[in-house]
Amino acid sequence: MLSNSLSHREEQDLIINVKSLEEENRRLKEQLSGYSIIFERSLDAIIIFNKNGEFVEVNEAACHLFEMEKEELIGKRFNLFLDLVPPDILVFQQSMLHKFGSFSDELLLKLRDGKIKHIEFSMKKDAFNQFDLAIMRDISARKALERERIINEFLFKDVFNRAVDSIVIFDEFGRFIDVNPAFCMSLNLEKEKLLNLSFQQFVARQYKDDFVQLLVELKEKGTAKGELSFIRFDGTVKMFELTMTSNVYSGFYMAIMRDVTEKKNMEIKLQKSEERFRAIFEQAHEAILIWNDYGHIVNANPAASRTFELPLNLLVRRNLLDFVDNHDGRVRRVLEQFRKTGEIRDELIFHMPNGEDKQLEFTMKQGVIDGYHLAIFRNVTERRKMEKELQESEQKFRSIFDHSMNGILLWGEGYRILDVNPIACEIFQATKQQLLAEPFVKWIPEKEQKVFYKLIRKCEQSGEAYAEMTILTKEGEQRIIEISMKKEIIPSVGMMMLRDITEKKELEWQLRKSDTLNVVGELAAGIAHEIRNPMTALKGFIQLLQGSIKEDYSMYFNVIMSELKRIESIITEFLVLAKPQAIQYQQNDVCKIMKDTIDLIGAQAMMHNVQIIADFEENLPWIYCEPNQLKQVFINILKNAIEVMKKGGDVHVRIQKADHHYIRISVTDQGCGIPQDKIKKLGEPFYTTKERGTGLGLMVSYKIIEEHQGKIDVESEVGVGTTFHITLPMERVEKENEDAARI
């Protein structure tokens with residue numbers, strides 16, 4: 001029907017057009033097949049993206065690049081692999097692609113297993129209708145090589161610049177291309193000046209031919225070694241050991257040069273030293289022998305001939321061991337030590353050919369002269385005899401010096417300590433090593449130095465002096481030291497004697513205190529009874545008057561009665577001092593006694609805005625004591641603690657074991673504290689820090705604790721507070737046992 005509607009010519013044209021289209025279609029299929037082969041077999045990754053950045057089509061190289069199967073990649077977003085790319089870089093690249101339609105750059109891909117790849121890519125926008133095309137290439141290996149090259153260049157430059165040895169890059173004519181700082185320093189020239197110069201301008205004239213030969217060897221073999229002498233512009237000479245290498249840097253040569261100027265100078269000095277040694281060897285006063293491993297003497301100096309009583313020609317034929325007793329154990333030990341250590345310094349008895357024995361001091365060293373051993377001898381026979389006599393004399397002095405009961409110090413020029421004995425070290429609280437060679441004034445307490453300088457002046461004037469000094473131990477204890485000085489007991493040496501008289505002074509103080517107590521006791525016995533009788537009458541009549549007088553004078557009567565009671569309490573305390581008390585000791589709980597005391601004194605504490613805080617160790621053993629007397633002591637100390645805290649505060653009471661035999665009661669206040677020089681006076685009669693106190697309360701307390709075989713210690717810091725420590729024994733020792741133990 002179609003053929004009927006078309007003319008023959010039109011039909012022919014149509015057939016030609018169909019054939020042309022079929023040919024074009026075949027050609028396009030072949031071209032598409034070619035593109036498909038290129039797409040699949042391309043070494044570069046080819047990827048087609050949609051507008052959402054999702055993979056639409058990938059080739060085999062892309063699968064290899066992303067290390068994923070094609071089915072896994074299709075549909076994934078490209079952004080999933082760009083975690084390592086900063087967002088601003090991505091925005092920039094996208095903007096460039098939109099602006100120009102195509103863009104090339106580099107990226108870092110992070111694969112799903114964490115592997116990182118450096119890629120080079122090229123993208124074209126709308127390459128296939130609405131799809132974008134990307135071609136990517138893995139350049140990780142190339143980047144690694146570039147980094148390695150950069151690192152190697154950096155390391156070379158770092159080594160080049162930091163090397164201690166001189167490094168020079170030069171051309172085939174010896175002209176300097178580059179030099180390192182060490183070479184600049186060696187020639188004392190700046191790098192800019194050196195780069196305009198060459199080796200030939202520094203090589204010494206006598207080494208010119210050597211340098212030319214080195215260059216020839218370098219060009220033939222690629223390396224060369226030798227020595228060159230350089231003359232610097234200031235005329236000084238430098239010797240270098242150098243190693244040259246060819247084609248190390250852009251076809252140039254490199255020389256590594258070590259400055260051996262000092263080494264060469266040392267060799268020259270050594271040669272001169274050998275000449276000097278020969279002169280010393282011949283002229284030395286000490287005997288010098290050179291001998292081999294078997295003891296045979298191979299050389300000796302004239303002094304050795306005199307020492308060993310043999311002519312030189314006979315001495316060099318002898319064996320060194322001929323002069324000692326080989327069966328002597330000391331000789332064998334010396335030889336054994338010499339073989340082990342290679343050197344020795346000692347003394348031995350040597351038997352001379354004429355029958356004389358000499359004690360020789362010697363120094364031996366192995367292999368010091370061409371493999372032979374060196375020995376130097378000195379005759380010390382007479383000196384050792386004198387030293388022995390002196391040593392015996394010194395031992396007697398040292399024994400007396402070290403075992404003296406008093407401290408002894410010897411001083412020399414500038415009052416520097418020459419020697420001290422152990423007792424003096426204890427007094428100065430220092431080791432002997434610390435004291436020696438120091439001026440002894442350095443070890444005197446600062447507050448005593450004025451008195452001490454006065455003592456030194458007196459010693460300088462009269463030749464001797466005496467004084468007493470107070471020092472403070474490391475534990476904070478005060479010690480009284482008696483010092484006597486004598487100038488020049490021997491020429492240029494003075495002596496100081498030191499004696500600790502603390503206990504002596506303590507005994508004297510205790511004796512004076514005992515005398516005071518006796519007087520107080522006698523006075524108390526008389527005064528108490530004389531005052532108590534009138535006091536009784538006064539109290540009675542005051543009470544009668546109080547009842548008979550009609551007007552209200554109660555305030556006056558209260559004051560009078562209060563003062564009378566105070567006088568009566570003082571008399572009672574006097575009587576405690578005046579006569580021994582009949583005491584019945586029994587086992588009691590010291591914690592309960594303290595609790596009762598705190599309850600008793602609690603009201604007074606509240607009135608003064610004071611809180612008493614108790615801290616008792618659990619399961620404390622009971623002690624033998626008189627409860628009422630201990631309560632009296634606790635009341636006295638707690639009252640004192642309350643009264644010294646004018647603005648209130650806390651009083652801490654602690655009871656704990658001091659050790660396996662004693663219990664310690666500690667009362668700590670927050671008062672004004674007591675100066676150190678006044679603590680010792682506590683407990684003396686009529687000594688008190690309170691305005692209306694008598695000091696008898698603490699005196700009675702000390703006496704009670706002493707009767708309980710305990711002691712009271714006081715710690716105080718001005719402005720911080722005071723702590724009274726009462727130490728009591730758990731078991732009371734009978735008086736007879738106590739006396740026996742003291743004896």
Side-chain angles (χ1 to χ4, degrees), residues 554-574 576 589-617 627-656 664-705 712-728:
S554 60
M555 181 182 71
Y556 302 134
F557 284 115
N558 289 339
V559 172
I560 293 169
M561 289 301 293
S562 172
E563 293 302 312
L564 287 174
K565 286 180 181 178
R566 172 170 164 74
I567 294 170
E568 191 171 21
S569 69
I570 293 171
I571 292 169
T572 302
E573 289 178 346
F574 257 50
V576 171
D589 184 357
V590 71
C591 295
K592 184 178 184 307
I593 297 171
M594 179 59 80
K595 286 177 184 175
D596 293 343
T597 307
I598 292 172
D599 292 342
L600 186 65
I601 209 165
Q604 184 178 350
M606 289 178 64
M607 289 173 62
H608 286 79
N609 194 25
V610 172
Q611 183 179 2
I612 300 175
I613 301 169
D615 179 12
F616 302 153
E617 186 178 322
N628 291 327
Q629 285 200 338
L630 280 189
K631 191 177 293 185
Q632 183 179 351
V633 172
F634 296 160
I635 288 172
N636 285 339
I637 292 174
L638 286 170
K639 279 179 66 180
N640 286 345
I642 292 168
E643 290 170 2
V644 295
M645 294 193 291
K646 304 294 185 183
K647 298 180 181 180
D650 295 336
V651 174
H652 291 268
V653 180
R654 297 180 182 85
I655 304 178
Q656 58 191 1
R664 172 171 286 185
I665 301 106
S666 302
V667 179
T668 304
D669 62 51
Q670 297 174 339
C672 58
I674 306 169
Q676 292 296 318
D677 57 336
K678 294 182 179 180
I679 289 178
K680 195 172 182 181
K681 295 183 180 180
L682 295 177
E684 292 184 7
F686 309 115
Y687 178 80
T688 179
T689 57
K690 294 186 289 187
E691 291 180 4
R692 299 187 63 198
T694 63
L696 294 175
L698 266 185
M699 187 176 179
V700 170
S701 299
Y702 272 79
K703 184 176 178 65
I704 290 171
I705 296 302
I712 297 178
D713 298 311
V714 182
E715 293 180 11
S716 186
E717 185 176 348
V718 175
V720 177
T722 305
T723 300
F724 278 80
H725 297 291
I726 304 169
T727 306
L728 293 170

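Residue numbers count from 1 along this sequence.
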Can you name the closest pair of heavy atoms from [X] and [Y] and give their distance?
| X | Y | answer |
| --- | --- | --- |
| Ile601 | Ile635 | CD1-O, 3.9 Å |
| Thr597 | Lys631 | OG1-CG, 3.3 Å |
| Ile612 | Ala605 | CD1-CB, 4.1 Å |
| Ile598 | Ala614 | CD1-CB, 4.2 Å |

Is [Y] close to [X] at the side-chain level, that is, under 4.5 Å between some pair of heavy atoms?
| X | Y | answer |
| --- | --- | --- |
| Val720 | Gln670 | no |
| Ile726 | Ile637 | yes |
| Ile613 | Val653 | no |
| Gln604 | Glu643 | yes |
| Ile712 | His725 | no |
| Val714 | Thr723 | no |
| Phe724 | Thr722 | yes |
| Phe616 | Met594 | yes |

After noting the C-alpha distance and the side-chain angles of Gln632 and Ile704, does the key distance pass the side chain to side chain contact (heavy atoms under 4.5 Å, CB included) rule? CA-CA 9 Å; Gln632 183 179 351; Ile704 290 171; 3.9 Å; yes
Just verifying a value: how many Å separate [X] [atom1] and [Y] [atom2], rounded to the nearest 0.5 Å?
| X | Y | atom1 | atom2 | result |
| --- | --- | --- | --- | --- |
| Gln656 | Cys591 | CD | SG | 11.0 Å |
| Ser666 | Asp615 | OG | CG | 10.0 Å |
| Ser716 | Asp669 | OG | CG | 7.5 Å |
| Asp589 | Lys595 | CG | NZ | 7.0 Å |
| Thr668 | Arg654 | OG1 | CZ | 5.0 Å |

Criterion salt bridge (charged side-chain N to carboxylate O under 4.0 Å, His left out) on Lys592 and Asp596, from CA distance to verdict: CA-CA 6 Å; Lys592 184 178 184 307; Asp596 293 343; 3.2 Å; yes
Test item: Gln611 side-chain N/O and Met606 main-chain N/O as donor-acceptor pair under 3.5 Å: no
Output a table of donor-acceptor pairs, distance under 3.5 Å, between side-chain atoms of residues 644-651 and any protein atom two or more places apart or on a different chain; print 'none' if there are none.
none

Go through the steps to decide whether Val667 and Leu638 satisfy the test side chain to side chain contact (heavy atoms under 4.5 Å, CB included), and finish with yes or no. CA-CA 7 Å; Val667 179; Leu638 286 170; 4.0 Å; yes
